[in-house]
Amino acid sequence: MSDFIIYNTLSRSKEIFKPLNPGHVGMYVCGPTVYGDAHLGHSRPAITFDLLFRYLRHLGYKVRYIRNITDVGHLVNDADEGEDKIAKKAKVEELEPMEIVQFYTNNYRRNMSQLNILPPSIEPTASGHILEQIEAVQKLIDSGFAYVVNGSVYFDVEKFASGNDYGKLSGRKIEDLYSNTRELDAQTEKKSGLDFAVWKNASAEHIMKWKSPWGEGFPGWHLECTAMSTKYLGESFDIHGGGLDLLFPHHEAEIAQGKACFGHDPVHYWMHNNLITINGQKMGKSLGNFITLDELFSGTHPLLEKAYSPITIRFFILQAHYRSPLDFSNEALQAAEKGLERLLKAVELLEKIQPSGHSTIDVNGLKEKCYSAINDDLNTPVLIAHLFDGVKLINSVNDGKETVDTEALLKLKKLYHDFTFDILGFKTGIAAQAGSNESVLGEVVDLLLNFRIDAKKNKDWATSDKIRNSLTELGFEIKDTKEGFTWELKK
RNA sequence: GGUCGGUUGGCCGAGUGGUCAGGCAGCGGUCUGCAAAACCGCGUACGGCGGUUCGAAUCCGCCACCGACCUCCA
């Protein structure tokens, strides 16, 4: 089998994946800030790195997957004046900040589970790792890369850059950064506009704050990832993932902090998923195209023509390569919905197919194509295209135009099970339906359709059509087959 | 303005210097009492202008447009 290749943002090239410790992989992915509903923007990194997690496990690696929850009072900029968002909400609604954090964390986890995203191995919270962060701050001060001003601690970018390549991940040059920031804020307590907070002194109205050697305050944003990745994965680990929007300054800062603390780069492979647009526009609250996952799943947003199932969203996202931009539109989502249905139906059909004496289809060839696609930097669109080629074959076998022998059929089933369910993480809604307590309803439908068969035998087309049309109106899809009929309930 | 990335057929979305992506939609056919599904066939697309080449959508240059990041904060 071909090597597993990953595009490393650090080298701007595809590299063969080799874990630091044979058989084990440590990966860290930037998770959500839990001050609001999970939205479309959360789905792509979560799905991308869930795919990676699943595939690494499929390859036999023991994976420790860390995805943090940022729950320490930090800010948002969207039409916000820089006041701490979590603290602000807490006052308005008279709730404990941690109550809000818990609410949205639960919400996020529920949405992720709907998208069939596996829970990470560890989901650490920033608020639960204040001690580790204080230690990291101290370490930075001790090593001379951070300085204290008025109860805040800042990372000294200039000093770091004098001996290190600050900007190597995001492709920025320190001189350019200076020329961009110089004029803007001359009068802060920072030595340079490029410096970033690793510990921030809390103002009186700030609710979420902790005691530290430098006074009451809260940790700087970039620091939590450094502290928690180090705690659970060590000073060096394999993969760090996140959205492209985090490339600068967040990930750049993480590299600087890690190197300042340990003397070497913390991460071997940096992976970044591209972002999502809606009808060609960036998603933003001020643009009126901010869609939460709940709205998407229920179809309640004005921009949505209908509800889209979580697995449809998953399929849609995986039908594009994770490093390409992806645009959401009703038309594209409906196309994805139908495509997914076609794929899942064929996988279901596979269970009913009877083997023949010999095989006319090349399962090994298909399998090889599938693996080389996913091995090429998780090229899921090409993988899915190959799976659709196989769908055609499966349907043709069903139509008696191709044949498979027992061995080929077993391989084919395993191939589709592995890729469709285990790796890509799709699941059938129909399968869930069949085993439900709606079995009585199913028997009633069968009963009616058996009456219809009798009518058909008598060439009583009026009755036959009436039964089918009435069921269709109720949302059932009826198909006649050689053996009789099949039906399913469309949502 | 700076840096990086993108511009592919009706829609979405891969990819390669010279044969095919794939999905959805559409058209024609097979099957069917009719339908649905399935299968078969059909579209000669690669932002614009130059250049390199026997040959470029794929390489180079310029231009246009789109996006991300570039103060604070997460």
Side-chain angles (χ1 to χ4, degrees), chain A residues 9 12 30 32-35 70-78 80-86 126 167 170-173 175-177 179-186 188 190 193-194 196-197 200 220-222 224 243-250 252 272 274-275 277 280-282 315-316 319-321 323-343 345-346 349 373 376 379-389 391-402 456 459-461 464-465 468-469 472 477-482 485-488:
Chain A
T9 310
R12 282 160 203 282
C30 293
T33 302
V34 281
Y35 60 71
T70 298
D71 62 347
V72 164
H74 295 306
L75 313 190
V76 274
N77 50 16
D78 251 17
D80 205 292
E81 295 308 299
E83 188 186 347
D84 183 293
K85 184 80 178 192
I86 291 173
S170 54
R172 278 170 171 76
K173 304 232 178 331
E175 312 86 70
D176 297 341
L177 291 169
S179 63
N180 275 328
T181 57
R182 191 166 288 157
E183 57 235 55
L184 285 158
D185 58 349
T188 71
K190 294 194 284 186
L194 296 187
F196 53 86
K200 196 95 176 168
W221 169 44
H222 312 306
E224 65 177 89
L244 207 49
D245 50 334
L246 300 177
L247 194 56
F248 189 88
H250 187 233
E252 201 70 68
H272 295 274
N274 215 312
L275 307 172
T277 54
Q281 269 195 315
K282 150 184 189 181
F315 178 83
F316 179 68
Q319 226 183 355
H321 185 77
R323 283 193 289 116
S324 298
L326 177 62
D327 189 51
F328 268 63
S329 64
N330 282 289
E331 211 176 357
L333 284 167
Q334 280 160 32
E337 186 172 56
K338 289 188 182 164
L340 172 66
E341 193 184 334
R342 189 163 126 87
L343 174 64
K345 269 188 183 163
L349 190 60
D376 182 14
N379 198 331
T380 49
V382 168
L383 166 63
I384 290 172
H386 292 319
L387 291 176
F388 273 113
D389 288 340
V391 164
K392 202 166 271 187
L393 294 174
I394 292 167
N395 286 327
S396 291
V397 172
N398 188 238
D399 286 357
K401 287 172 181 158
E402 305 272 1
K456 280 170 67 177
K459 298 206 190 292
D460 178 4
W461 308 127
S464 161
D465 286 352
R468 184 177 59 194
N469 292 342
T472 303
E477 185 179 275
I478 313 302
K479 285 178 221 157
D480 291 353
T481 63
K482 290 186 285 285
F485 56 81
T486 66
W487 63 268
E488 65 181 89

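Just the heavy atoms: all of them, side chains too, but no hydrogens, waters or symmetry mates, feed the values below. The shown structure was predicted, so the numbers you read here are calculated from the model rather than taken from an experiment. Protein chains get the first letters and strands the later ones, always in sequence-line order, with residue 1 at the start of each.
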Sticking with atom [atom1], work out how far [N] lies from [M], rounded to a whole angstrom.
| N | M | atom1 | result |
| --- | --- | --- | --- |
| B/A45 | B/U16 | C1' | 15 Å |
| B/G18 | B/C59 | C1' | 15 Å |
| B/G33 | B/C27 | C1' | 25 Å |
| B/G15 | B/U8 | P | 14 Å |
| B/G29 | B/C63 | C1' | 48 Å |
| B/G48 | B/U7 | P | 13 Å |
| B/G9 | B/C24 | C1' | 13 Å |
| B/G6 | B/A14 | C1' | 15 Å |

Let me spell it out: for each of A/Glu331 and A/Ala335, pick the nucleotide of RNA chain B with the closest heavy atom. Which residue's pick is nearer the 5' end?
A/Glu331

Nearest-nucleotide check on RNA chain B, A/Phe196 vs A/Ala336; residue mapping nearer the 5' end is A/Ala336

[N] pairs with, by Watson-Crick or G-U criteria that keep both distances under 3.5 Å:
| N | result |
| --- | --- |
| B/C59 | B/G51 |
| B/G26 | B/C42 |
| B/C65 | B/G6 |
| B/G1 | B/C70 |

Any side-chain N or O of [X] less than 4.0 Å from the OP1 or OP2 oxygen of [N]?
| X | N | answer |
| --- | --- | --- |
| A/Arg323 | B/G5 | no |
| A/Lys173 | B/C70 | no |
| A/Asn398 | B/A38 | no |

Could you check how far [atom1] of [X] sits from [atom2] of [N], rounded to whole Å?
| X | N | atom1 | atom2 | result |
| --- | --- | --- | --- | --- |
| A/Phe388 | B/G22 | CZ | P | 11 Å |
| A/Leu349 | B/C39 | CG | C1' | 13 Å |
| A/Leu247 | B/C70 | CG | P | 10 Å |
| A/Arg342 | B/A36 | CZ | P | 16 Å |
| A/Leu333 | B/C11 | CG | P | 16 Å |
| A/Glu337 | B/A25 | CD | P | 11 Å |
| A/Phe248 | B/C73 | CZ | P | 13 Å |
| A/Asn274 | B/C4 | CG | P | 16 Å |

Between A/Ala373 and A/Leu383 the two heavy atoms that sit nearest each other are CB-N, 3.6 Å

Taking all heavy atoms of A/Arg12 and all of A/Gly171, pick out the closest pair and write down the distance.
NH2-N, 3.4 Å

Kindly indicate, with the supporting measurements, whether the criterion side-chain contact (heavy atoms from CB on, under 4.5 Å) is fulfilled by A/Arg172 and A/Leu247.
CA-CA 11 Å; A/Arg172 278 170 171 76; A/Leu247 194 56; 5.7 Å; no

As an exercise, state the distance from [atom1] of [X] to [atom2] of [Y], rounded to the nearest 0.5 Å.
| X | Y | atom1 | atom2 | result |
| --- | --- | --- | --- | --- |
| A/Gln319 | A/Thr380 | CD | OG1 | 9.0 Å |
| A/Asp389 | A/Ile394 | CG | CD1 | 11.0 Å |
| A/Asp245 | A/His272 | CG | NE2 | 10.0 Å |
| A/Lys338 | A/Phe315 | NZ | CZ | 13.5 Å |
| A/Arg342 | A/Lys392 | CZ | NZ | 6.5 Å |
| A/His222 | A/Leu246 | NE2 | CG | 10.0 Å |

Below 3.5 Å, does any donor atom in the side chain of A/Arg172 face an acceptor in the base of B/C69, or the other way round?
yes

So does A/Asp465 pair up with A/Arg468, basic N to acidic O under 4.0 Å?
yes

I'd like to check A/Phe328 versus A/Phe316 (side-chain heavy atoms, cut-off strictly below 4.5 Å). Are they in contact?
yes

Sequence-aligned protein contact record of nucleotides 29-35 of chain B, with B where the base is within under 4.0 Å of a protein heavy atom and S where only the sugar-phosphate is:
----BBB

Heavy atoms from C-beta onward define the side chain here; which of B/A25, B/C70, B/G23 lies closest to that of A/Lys338?
B/A25

Among the nucleotides B/U71, B/C70, B/C39, whichever has the atom closest to the side chain of A/Lys190 is B/U71

Please enumerate all protein N or O atoms sitting under 3.5 Å from an N or O of nucleotides 13-17 of chain B, with distances to 0.1 Å.
unit_1, atom_1, unit_2, atom_2, d
B/G13, OP1, A/Asp327, N, 3.2
B/A14, OP1, A/His321, N, 2.8
B/A14, OP1, A/Ser324, OG, 3.0
B/G15, OP1, A/Asn379, ND2, 3.3

What does A/Ala385 touch in the nucleic acid at a heavy-atom separation under 4.0 angstrom: a base, only the sugar-phosphate, or nothing?
base

side-chain contact (heavy atoms from CB on, under 4.5 Å) between A/Leu349 and A/Lys345, worked out
CA-CA 6 Å; A/Leu349 190 60; A/Lys345 269 188 183 163; over 6 Å; no

